[in-house]
Amino acid sequence: MMNSARNFSSTPKIKTRSSSSTHKGSPWLNVLLPYCEQPEIFSNKVVYYYDDGIVIIWDKYPKAKIHLLVMPRQKIDSIEDLRKQDLNLIEILKRKGQQIIDHFKENDPNLVFRMGFHAIPSLRQLHMHVISQDFISSTLSTKKHWNSFTTSFFKDVEEIEMLLKEKGQIKFDKDYYENLLKSPLNCHLCDAKEFKNIPTLKKHLEEHLNSDR
DNA sequence: GTTCTAGAAC
DNA sequence: GTTCTAGAAC
Ligand SMILES: Nc1ncnc2c1ncn2[C@@H]1O[C@H](COP(=O)(O)O)[C@@H](O)[C@H]1O
Ligand SMILES: [Zn+2]
């Protein structure tokens, strides 16, 4: 009965599209892809730089005064997809990231930067954060935001590079790192710990900005 | 990842 | 009463 001619012709359960992860999951997972596929269609206030190998964009929801994302043009989902053969790509991301940092420090020598990756990224397409360490930004609004940049959830590019050299592959424990995001709100610059909430922490960060110079 | 908002915390 | 967080979003 299931194989009647009528049933057969109605709805073929045949996958017609690539099973690439691009086609799986919620649409928001893929929002970084268009920048890499067609950087030329974006304004220079959105795409900071691009060439044949990489794209650099201003993070749309910056978590600090200066926050950009450096990405390969080539489609690579995440750090988990990196292999030793990608070490030269990492080197390129790193070199370009350092150039950005040098540039912004010329304007403001007080800026301090880190560049690296989230241990468990949310969005697809490999992206390296280049982020100033003031964390002064109206779009930094949650504990998760804070802990993703100030705990070991944030992996400096040098650590990624080292792990890739030594292990040939990168995978961080999901449970462990997702729990880190629930850590208390501690200052990344001084001994101040366990802020009651985000607004209180943000007032404290303003004080560092005024005194650390 | 963000937006929205119910209800917890103050 | 207002501020703030945290979980659903089909
Ligand atoms: N549409 C977008 N365009 C540019 N950046 C984005 C967009 N949506 C989210 N982001 C940023 O992308 C980063 C992704 O974070 P993560 O996957 O945790 O490394 C965050 O810093 C977001 O602010
Ligand atoms: Zn502090």
Side-chain angles (χ1 to χ4, degrees), chain A residues 11 13 17 20-39 41-43 45-48 54-82 93 97 114-133 135-157 160 170-188 192-207:
Chain A
T11 43
K13 299 283 193 300
R17 311 192 70 173
S20 147
S21 62
T22 306
H23 301 301
K24 288 190 252 153
S26 316
W28 58 262
L29 289 170
N30 297 316
V31 293
L32 296 181
L33 275 175
Y35 302 115
C36 301
E37 286 165 349
Q38 276 192 291
I41 72 172
F42 295 91
S43 97
K45 296 193 171 169
V46 173
V47 170
Y48 173 88
I54 67 166
V55 183
I56 304 175
I57 64 169
W58 289 99
D59 194 292
K60 190 173 180 184
Y61 308 94
K63 308 305 187 295
K65 285 185 170 181
I66 310 282
H67 186 183
L68 303 100
L69 304 177
V70 185
M71 302 181 279
R73 293 290 298 272
Q74 177 192 357
K75 199 166 135 186
I76 301 177
D77 264 9
S78 78
I79 46 176
E80 290 194 6
D81 298 296
L82 294 172
L93 300 182
R114 283 178 82 182
M115 49 178 165
F117 301 81
H118 280 160
I120 313 290
S122 293
L123 299 185
R124 285 177 192 146
Q125 184 64 354
L126 183 72
H127 53 280
M128 182 180 74
H129 295 269
V130 174
I131 183 165
S132 62
Q133 296 296 295
F135 297 116
I136 304 286
S137 168
S138 59
T139 40
L140 195 168
S141 58
T142 70
K143 172 180 269 195
K144 184 172 178 178
H145 290 156
W146 177 253
N147 284 326
S148 76
F149 288 102
T150 60
T151 68
S152 68
F153 190 91
F154 189 86
K155 299 299 185 189
D156 290 307
V157 62
I160 295 299
I170 291 160
K171 188 172 180 77
F172 295 108
D173 186 82
K174 201 165 184 239
D175 283 347
Y176 173 81
Y177 282 99
E178 282 180 351
N179 268 306
L180 264 190
L181 297 175
K182 298 171 184 163
S183 307
L185 298 170
N186 297 337
C187 180
H188 66 314
K193 294 206 186 321
E194 304 199 9
F195 285 88
K196 194 179 357 236
N197 52 42
I198 291 283
T200 316
L201 168 63
K202 293 182 86 166
K203 276 170 208 147
H204 178 81
L205 295 176
E206 292 279 358
E207 290 170 20

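Note that the structure is a prediction, hence the values are computed from the model and not measured.
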Using a heavy-atom cut-off of 4.0 Å across all strands, would you classify [X] as base, sugar-phosphate, or nothing?
X: A:I198; value: sugar-phosphate
X: A:K182; value: nothing
X: A:P121; value: nothing

Rounded to whole Å, please give me the gap between [atom1] in [X] and [atom2] in [N].
X: A:E178; N: C:dA6; atom1: CD; atom2: P; value: 15 Å
X: A:Y61; N: B:dC4; atom1: OH; atom2: P; value: 10 Å
X: A:D59; N: B:dG1; atom1: CG; atom2: P; value: 10 Å
X: A:K196; N: C:dT5; atom1: NZ; atom2: C1'; value: 14 Å
X: A:I120; N: B:dG1; atom1: CD1; atom2: C1'; value: 15 Å
X: A:Y35; N: B:dG1; atom1: OH; atom2: C1'; value: 11 Å
X: A:N197; N: C:dA6; atom1: CG; atom2: P; value: 10 Å
X: A:K63; N: B:dG1; atom1: NZ; atom2: P; value: 7 Å

Discussion item. Please determine whether a side-chain nitrogen or oxygen atom of A:H145 lies at a distance below 4.0 Å from atom OP1 or OP2 of B:dT2.
Written reply: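 For B:dT2, OP1/OP2 do have a side-chain N/O of A:H145 under 4.0 Å.
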
Worksheet item: B:dG1 phosphate, OP1 or OP2: any side-chain N/O from A:K144 under 4.0 angstrom?
Response: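 So the side-chain polar atoms of A:K144 do come within 4.0 Å of the phosphate oxygens OP1 or OP2 of B:dG1, strictly under.
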
Worksheet item: Now, which nucleotide makes the Watson-Crick or G-U wobble pair with B:dT3, with each of the two distances under 3.5 Å?
Response: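 Partner of B:dT3: C:dA8.
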
Between [X] (side chain) and [Y] (backbone), is there a donor-acceptor pair under 3.5 Å?
X: A:E178; Y: A:Y176; answer: no
X: A:R73; Y: A:C36; answer: yes
X: A:T150; Y: A:W146; answer: yes

Discussion item. Rounded at 0.5 Å granularity, tell me how far CD1 in A:I120 sits from NE2 in A:H118.
Written reply: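 Separation between the atoms: 11.0 Å.
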
Worksheet item: Does any donor atom in the side chain of A:Y177 or A:K155 lie under 3.5 Å from an acceptor atom in the other side chain?
Response: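 A donor-acceptor contact under 3.5 Å links the two side chains.
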
